[in-house]
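Okay, so here's the structure we're looking at.
In listed order, ligands and their atoms are each counted from 1. What you see below is based on every heavy atom in this structure, not just the backbone, and it leaves out hydrogens, waters and symmetry mates.
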Amino acid sequence: MDKELKVNGLTFVPYLTEDKIHQEVKRVAAEVREALPAGSSPLLLCVLNGAFMFAADFVRELGLSDAKINFVRYSSYDGTSSTGRVKEILGLNEDIEGRDIIIIEDIVDTGLTACKMIEDLKRRKPASIRFVTLLHKPDSTKTGFVPDHVAFSIPPKFIIGYGLDLDGKVRNLRDIYVIKED
Ligand code: 5GP
């Protein structure tokens, strides 16, 4: 693990190693498996882009071959009316009525994205929705939203690596880095 990393003029320091990440991903996958109703074959929704790496490890640890995996994107765009910013889920074309849904997210910060996503999904009448996140910043919450399953609870600092980006870069990093504060 490199000591320091410079990205777009910002300095980052090592925070979570690849080994530690895999250990917690394994733990959280076991937790989810135990929480699922017996015989359930859930629909897993990997939220792009940030969760792609976490999802790849998580679904292998979960080990439910009957579970379908779908990739969704939560897009935001400026609405044409005075309603302002509008967000919607893209890429979810199948019927989810009566299904057990597991949302796989990279990070919950304010919780606004998570709340809106769950609200949208609930309109489609799934049997259940479970929210799994790699990282949670509980002190940043603006919604009081608490994910069902969390690999790491972290302080409200900007982090990168293992799928999380800065300006589209550094998603490839095996470890997670935190911004260096002077
Ligand atoms: P929320 O709606 O919970 O405030 O924000 C969630 C989204 O903000 C995440 O999916 C992610 O794209 C972005 N985000 C929040 N905190 C961080 C961070 O520390 N690092 C990176 N790379 N993205 C973050």
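The shortest N or O to N or O distance between G111 and ligand 1 is below 3.5 Å.
Ligand 1 lies within reach of K157, whose nearest heavy atom is under 4.0 Å from it. Proximity of K137 to ligand 1 is established by a heavy-atom distance of less than 4.0 Å.
Of the candidates I159, I160, T141, the one placing a heavy atom closest to atom 20 (N) of ligand 1 is I159.
Ion pairing between R27 and E24 holds under the 4.0 Å rule for side-chain N and carboxylate O.
With hydrogens and angles disregarded, no donor-acceptor distance shorter than 3.5 Å links the side chain of D167 to the backbone of K169.
The distance from the OG1 atom of T143 to the NZ atom of K116 is 13.5 Å, given to the nearest 0.5 Å.
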Could you pull out every donor-acceptor pair under 3.5 Å between side chains of residues 38-54 and any protein atom, sequence neighbours left out?
| from | atom 1 | to | atom 2 | distance (Å) |
| --- | --- | --- | --- | --- |
| S40 | OG | D100 | OD2 | 2.9 |
| N49 | OD1 | R73 | NH2 | 3.3 |

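For the ring pair (Phe, Tyr, Trp, His ring centres under 6.0 Å) test, residues two or more places apart in sequence or in another chain that qualify with F131 are F145.
Every atom of ligand 1 with a heavy atom of T113 under 4.0 Å away is listed here by number and element: 1 (P), 2 (O), 5 (O), 6 (C).
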